[in-house]
Number of protein chains: 2
Amino acid sequence: MTGIDMDAIDRRILAILQENGRLSNQEIAERVNLSPSPCLRRIRRLEESGVICGYVALLDAQRLGLDLLAYVNVRLEKRGVPLESSAALRVRTTHAEFFRASVQAWPEVVACHAMTGEMDYLLRVRVEDMAHFSRFVQDQLLHHPSVIDVKTSFSLETIKETTALPIR
Amino acid sequence: MTGIDMDAIDRRILAILQENGRLSNQEIAERVNLSPSPCLRRIRRLEESGVICGYVALLDAQRLGLDLLAYVNVRLEKRGVPLESSAALRVRTTHAEFFRASVQAWPEVVACHAMTGEMDYLLRVRVEDMAHFSRFVQDQLLHHPSVIDVKTSFSLETIKETTALPIR
DNA sequence: CGTGAAACATTAGCGGC
DNA sequence: GCCGCTAATGTTTCACG
């Protein structure tokens with residue numbers, strides 16, 4: 001269920017790829033002192049085992065006009081009748097399930113975690129400006145039947161932001 | 001300073017690349033109904049303009065044994081003497097500058113923002129387990145001369161997590 | 001923007017340690 | 001088992017129409 005066997009070379013390959021996912025297999029092979037074939041076999045194995053989830057291009061939010069980053073704490077309704085989630089299927093759903101499905105559908109929510117503490121969920125929200133944020137909170141979040149309360153903090157400045165995990 | 005001119009094709013290329021950063025230029029060209037050369041020219045232009053910041057492999061934190069994700073709110077000392085940051089240079093530094101430099105050096109901190117609200121910074125921290133987290137808070141954060149107070153919430157479950165930005 | 005050709009990269013099969 | 005060679009195939013890249 002958890003990790004597969006990995007040796008030091010596998011970990012070096014991961015460290016290289018999570019910094020630059022477009023290096024050629026040849027280049028990676030050179031850096032880990034292997035010939036291209038075994039290196040590629042290792043990479044494929046790491047991909048198939050799920051340690052490597054995927055490859056993406058990282059975009060600059062500001063240059064795309066997404067100047068506002070907000071962290072929104074959300075508290076959900078926990079009691080009361082579950083909802084009819086789908087008019088067609090008439091499947092009964094809990095508030096949590098309904099909220100999670102909505103989160104998946106909102107593109108401005110780039111991350112969402114169930115959290116310890118007073119609030120239930122923490123949302124990371126990226127939008128163009130305060131007007132868009134206000135519309136998102138009013139029209140989507142507060143309008144959502146499962147949401148009781150929201151508390152927002154805004155990012156003033158990003159000090160650090162990396163997708164690279166600390167590999168020991 | 002902000003974005004460059006982008007047409008609908010550029011935006012489609014960005015949308016494709018932020019989902020799969022390893023697609024071949026030929027494949028992308030096909031999907032946007034272009035031949036490989038102009039498609040590659042557009043991609044290079046997006047890279048050089050900084051809209052595309054880079055390409056990375058995304059790794060599975062759990063399969064790497066990083067089972068704990070915490071959001072740590074940090075409050076900093078604001079008054080009092082600035083510190084001697086470097087014994088060699090004897091450069092005076094503010095508490096904020098000193099803290100930011102430390103954050104860059106801590107690999108378990110995968111994100112850090114200066115925030116509105118009562119606390120000054122929000123840290124996203126990835127570690128193996130509670131023992132590691134405890135050591136990080138005790139030995140690094142609370143031991144840091146600029147840190148006054150920390151408040152932590154733990155992620156119970158990740159509902160959504162994407163590096164893909166909402167491109168309108 | 002598209003074509004074509006050279007340079008380069010990926011990948012499967014096979015033999016050796 | 002895991003490595004490295006080779007050779008075929010596919011991809012990137014650039015000068016030019």
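Hydrogens, waters and symmetry mates play no part in the numbers below; they use all other heavy atoms, side chains included. Proteins get letters first, then strands, A, B, ... in listed order; numbering begins at 1 in each.
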Check: Distance only, no hydrogens: is a donor on one side chain within 3.5 Å (strictly under) of an acceptor on the other, for B:Tyr121 and B:Arg100?
Finding: yes

Next item on the list: Would you confirm whether B:Asn25, through its side chain, and B:Pro36, through its main-chain N or O, come within 3.5 Å as a donor-acceptor pair?
Entry: yes

Notebook entry, point to check: Does A:Arg126 use its side chain to pair, donor to acceptor, with the backbone of A:Val110 at less than 3.5 Å?
Noted result: no

Checklist line | Set of side-chain hydrogen bond (donor to acceptor under 3.5 Å, both in side chains) partners for A:Glu128, sequence neighbours left out | finding: none

Could you pull out every donor-acceptor pair under 3.5 Å between side chains of residues 131-138 of chain A and any protein atom, sequence neighbours left out?
unit_1, atom_1, unit_2, atom_2, d
A:His132, ND1, A:Asp129, OD1, 2.7

Checklist line | Residue pairs passing the side-chain hydrogen bond (donor to acceptor under 3.5 Å, both in side chains) test where at least one lies in residues 159-168 of chain A, sequence neighbours excluded | finding: A:Arg124-A:Glu161

Would you say [X] and [Y] make side-chain contact, with heavy atoms under 4.5 Å?
{"X": "B:Val150", "Y": "B:Asn73", "answer": "no"}
{"X": "A:Leu40", "Y": "A:Ile28", "answer": "no"}
{"X": "A:Leu14", "Y": "B:Leu64", "answer": "yes"}
{"X": "A:Leu66", "Y": "B:Ile167", "answer": "no"}
{"X": "A:Cys112", "Y": "A:Leu122", "answer": "no"}

Short of 4.0 Å, heavy atom to strand atom, which residues of [range] count as contacting DNA chain C?
{"range": "residues 51-60 of chain B", "answer": "none"}
{"range": "residues 5-27 of chain A", "answer": "A:Ser24, A:Asn25, A:Gln26"}
{"range": "residues 38-50 of chain B", "answer": "B:Pro38, B:Arg41, B:Arg42"}

Next item on the list: Anything under 4.0 Å to a heavy atom of chain A counts; send over the first and last such nucleotide of DNA chain D, read 5' to 3'.
Entry: D:dC3 to D:dC5

Notebook entry, point to check: Which class fits the ring pair A:His144 and A:Phe98: parallel under 30°, tilted 30 to 60°, perpendicular over 60°?
Noted result: tilted

Item checked: Heavy-atom pair with the smallest gap, counting every atom of A:Ala105 and A:Pro107 -> O-CD, 3.2 Å

Item checked: Which residues share a salt bridge (Lys or Arg N to Asp or Glu O under 4.0 Å) with A:Glu47, sequence neighbours left out -> A:Arg44

Margin query: My understanding is that only residues two or more places apart in sequence, or in another chain, count here; which of them pass salt bridge (Lys or Arg N to Asp or Glu O under 4.0 Å) with A:Arg11?
Written below: none

Next item on the list: With DNA chain C as reference, determine whether B:Asn33 or A:Pro36 sits nearer its 5' end, using the nearest nucleotide of each.
Entry: B:Asn33

Would you be so kind as to tabulate the donor-acceptor pairs closer than 3.5 Å made by side chains of residues 3-10 of chain A, with sequence neighbours excluded?
unit_1, atom_1, unit_2, atom_2, d
A:Asp7, OD1, A:Ile9, N, 3.1
A:Asp7, OD1, A:Asp10, N, 2.9
A:Asp7, OD1, A:Arg42, NH1, 3.0
A:Asp7, OD2, A:Arg42, NH1, 3.1
A:Asp7, OD2, A:Arg42, NH2, 3.2
A:Asp10, OD1, A:Arg42, NH1, 3.2
A:Asp10, OD2, A:Asp7, N, 3.3
A:Asp10, OD2, A:Arg42, NH1, 3.4

Notebook entry, point to check: Taking any atom under 4.0 angstrom from a heavy atom of chain B, which nucleotides of DNA chain C are the first and last to qualify, 5' to 3'?
Noted result: C:dC1 to C:dT3

Item checked: Angle between terminal axes - the helix from C:dG2-D:dC16 to C:dC17-D:dG1, 5 pairs each end, rounded to 10° -> 20°

Margin query: Let me confirm one number: the CD-OG distance from A:Glu97 to A:Ser102, rounded to the nearest 0.5 Å.
Written below: 11.5 Å

